Student: 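Submitted below is the structure of interest, expressed as structure tokens.
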There are 2 protein chains.
Amino acid sequence: MSSDGGPEQGGERERAAGEAWRALYRLVFEREGQLRFHEACDATGLAPGGLKALLQLSADQPIPMRDLADFFRCDPSYVTSLVDGLEAAGLAERQSHPTDRRVKMVVLSRAGVEALGQARKILGEPPASFDALSTSELLRLRTLLAKLTEAEPPAGL
Amino acid sequence: MSSDGGPEQGGERERAAGEAWRALYRLVFEREGQLRFHEACDATGLAPGGLKALLQLSADQPIPMRDLADFFRCDPSYVTSLVDGLEAAGLAERQSHPTDRRVKMVVLSRAGVEALGQARKILGEPPASFDALSTSELLRLRTLLAKLTEAEPPAGL
DNA sequence: TATTGTTATACTCTATAACTATA
DNA sequence: TATAGTTATAGAGTATAACAATA
């Protein structure tokens with residue numbers, strides 16, 4: 001955080017930022033987010049690792065296994081076991097790379113796409129506490145959060 | 001989510017709620033939150049489970065081990081191993097309950113309090129993307145999020 | 001020689017079952 | 001009899017090391 005407010009605003013700005021962040025963190029990381037994630041695991045029959053992998057895959061954009069390992073900062077051998085699991089469940093398939101025959105790429109099967117939709121539906125459902133905000137407050141909240149996510153580094157795959 | 005807006009506002013309200021929630025989720029659960037948590041693990045030398053336990057403890061309010069198991073929805077035997085770890089690291093101590101001699105309670109040692117402070121400092125640091133908001137926007141964001149956390153069920157220990 | 005993915009193996013995390021002590 | 005915590009054990013989850021195939 002840099003301070004860009006007025007000369008007397010720095011403290012207030014930083015306090016507000018800290019409080020906002022900690023509220024975000026509590027809301028998502030310690031409560032509803034975890035619940036949602038567990039629900040989605042149960043609904044799809046996947047272990048946490050399998051669900052995280054599922055969420056990074058699609059039917060039409062094959063992903064090299066190596067990229068998954070980089071994204072998750074895990075060992076390639078673990079990606080092997082994750083993809084083994086998804087394949088055994090009929091949710092994903094390995095494809096060979098068109099030009100580099102060392103590389104294997106992963107895509108979702110039809111069942112995988114369906115499971116992904118189910119997971120996204122559960123994860124995307126706002127918690128009951130959102131009822132505490134009026135519609136205009138929700139609109140403002142959405143706008144502010146959109147600014148934050150746009151400012152983030154493009155951490156995707 | 002119930003819809004309490006005007007007759008034509010329901011769709012917009014729900015869309016805003018969904019988008020706000022998913023932005024929250026992405027921000028905390030898939031990115032900065034995970035990074036912060038890993039950093040805090042490294043800084044304290046604790047495994048994820050140990051850090052989660054540390055965050056629920058304090059020096060002056062002893063917590064029965066059973067309450068920890070309930071809070072984490074885990075088996076009591078796992079609490080035993082978590083507390084064993086914290087104790088071996090010199091961060092926590094077991095106390096006996098004053099009246100019920102079956103119960104053991106956990107408190108932080110002086111080193112535990114210090115480690116907790118270190119962890120909270122890391123976890124509570126807002127991400128760089130917060131620079132994208134003006135001070136007044138941060139103040140508004142904080143206010144909106146405070147309403148949400150206040151509306152949550154009191155999930156604490 | 002360097003890189004992708006797999007196998008074999010081991011270590012960590014977490015749960016189940018059986019047990020002790022206490023209520 | 002029921003409850004708090006521990007021990008022993010077993011099962012996931014994840015990493016390391018050695019290896020085969022390909023670049």
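Predicted model only: the values in this text are computed from it and were never measured. We name chains A, B, ... by the order of the sequence lines, and we start the count at 1 in each one.
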Student: Run the side-chain hydrogen bond (donor to acceptor under 3.5 Å, both in side chains) test against A/Ser81 and tell me which residues pass, sequence neighbours left out.
Tutor: none
Student: Which ones in residues 84-95 of chain B lie close to DNA chain C, meaning a heavy atom under 4.0 Å from one of its atoms?
Tutor: none
Student: Under the side-chain contact (heavy atoms from CB on, under 4.5 Å) rule, collect the residues that match up with A/Ala47, sequence neighbours excluded.
Tutor: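 Residues passing side-chain contact (heavy atoms from CB on, under 4.5 Å) with A/Ala47: none at all.
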Student: For the residue pair A/Leu139 and B/Ala16, what are the closest heavy atoms and their distance?
Tutor: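 Here A/Leu139 and B/Ala16 meet closest at CD2-CB, 3.6 Å.
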Student: Nearest heavy atom decides the nucleotide; on that basis, is B/Met105 or A/Ser81 closer to the 5' end of DNA chain D?
Tutor: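 Comparing both residues, the 5'-ward one is B/Met105.
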Student: Which residues pass the side-chain hydrogen bond (donor to acceptor under 3.5 Å, both in side chains) test with A/Arg22, sequence neighbours left out?
Tutor: none
Student: Looking only at side-chain atoms of B/Pro64, point me to the closest of C/dT16, D/dG5, D/dT16.
Tutor: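 Of the options given, the side chain of B/Pro64 lies nearest D/dG5.
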Student: Using ring pair (Phe, Tyr, Trp, His ring centres under 6.0 Å) as the criterion, list what pairs up with B/Phe29, not counting sequence neighbours.
Tutor: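 A/Phe37, B/Tyr25.
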Student: Output every pair passing salt bridge (Lys or Arg N to Asp or Glu O under 4.0 Å) with a member in residues 110-120 of chain A, not counting sequence neighbours, ordered by first then second residue.
Tutor: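 Residue pairs with at least one partner in residues 110-120 of chain A: there are none.
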Student: Do any N or O atoms of the protein come closer than 3.5 Å to N or O atoms of nucleotides 19-22 of chain C, and which pairs are they?
Tutor:
unit_1 : atom_1 : unit_2   : atom_2 : d
C/dT22 : OP1    : B/Arg101 : NH2    : 3.3

Student: Can you tell me if B/Thr80 touches the phosphate of D/dG5, counting only side-chain N or O atoms and a distance under 4.0 Å to OP1 or OP2?
Tutor: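 Result: no.
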Student: Give every residue pair that meets the side chain to side chain donor-acceptor pair (under 3.5 Å) criterion with at least one member in residues 34-55 of chain A, sequence neighbours excluded.
Tutor: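 Pairs touching residues 34-55 of chain A that pass the test: A/Glu32-A/Arg36.
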Student: Where the side chain of B/Ser77 is defined as all heavy atoms beyond and including C-beta, which of C/dA8, C/dA15, D/dA4 is the nearest nucleotide?
Tutor: C/dA15
Student: Could you tell me which residues satisfy side-chain contact (heavy atoms from CB on, under 4.5 Å) with A/Ser58, sequence neighbours excluded, listed by chain and number?
Tutor: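 Listed in chain order: A/Asp60, A/Gln61.
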Student: Can you list everything that forms a salt bridge (Lys or Arg N to Asp or Glu O under 4.0 Å) with B/Asp70? Sequence neighbours excluded, please.
Tutor: B/Arg66
Student: Filter on salt bridge (Lys or Arg N to Asp or Glu O under 4.0 Å), then keep only pairs touching residues 76-89 of chain A, sequence neighbours left out; what's left?
Tutor: A/Asp84-A/Arg94, A/Glu87-A/Arg94
Student: In residues 36-48 of chain A, which ones come under 4.0 Å of DNA chain D, going by heavy atoms?
Tutor: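 Going residue by residue through residues 36-48 of chain A, the ones with a heavy atom under 4.0 Å of DNA chain D turn out to be A/Ala47, A/Pro48.
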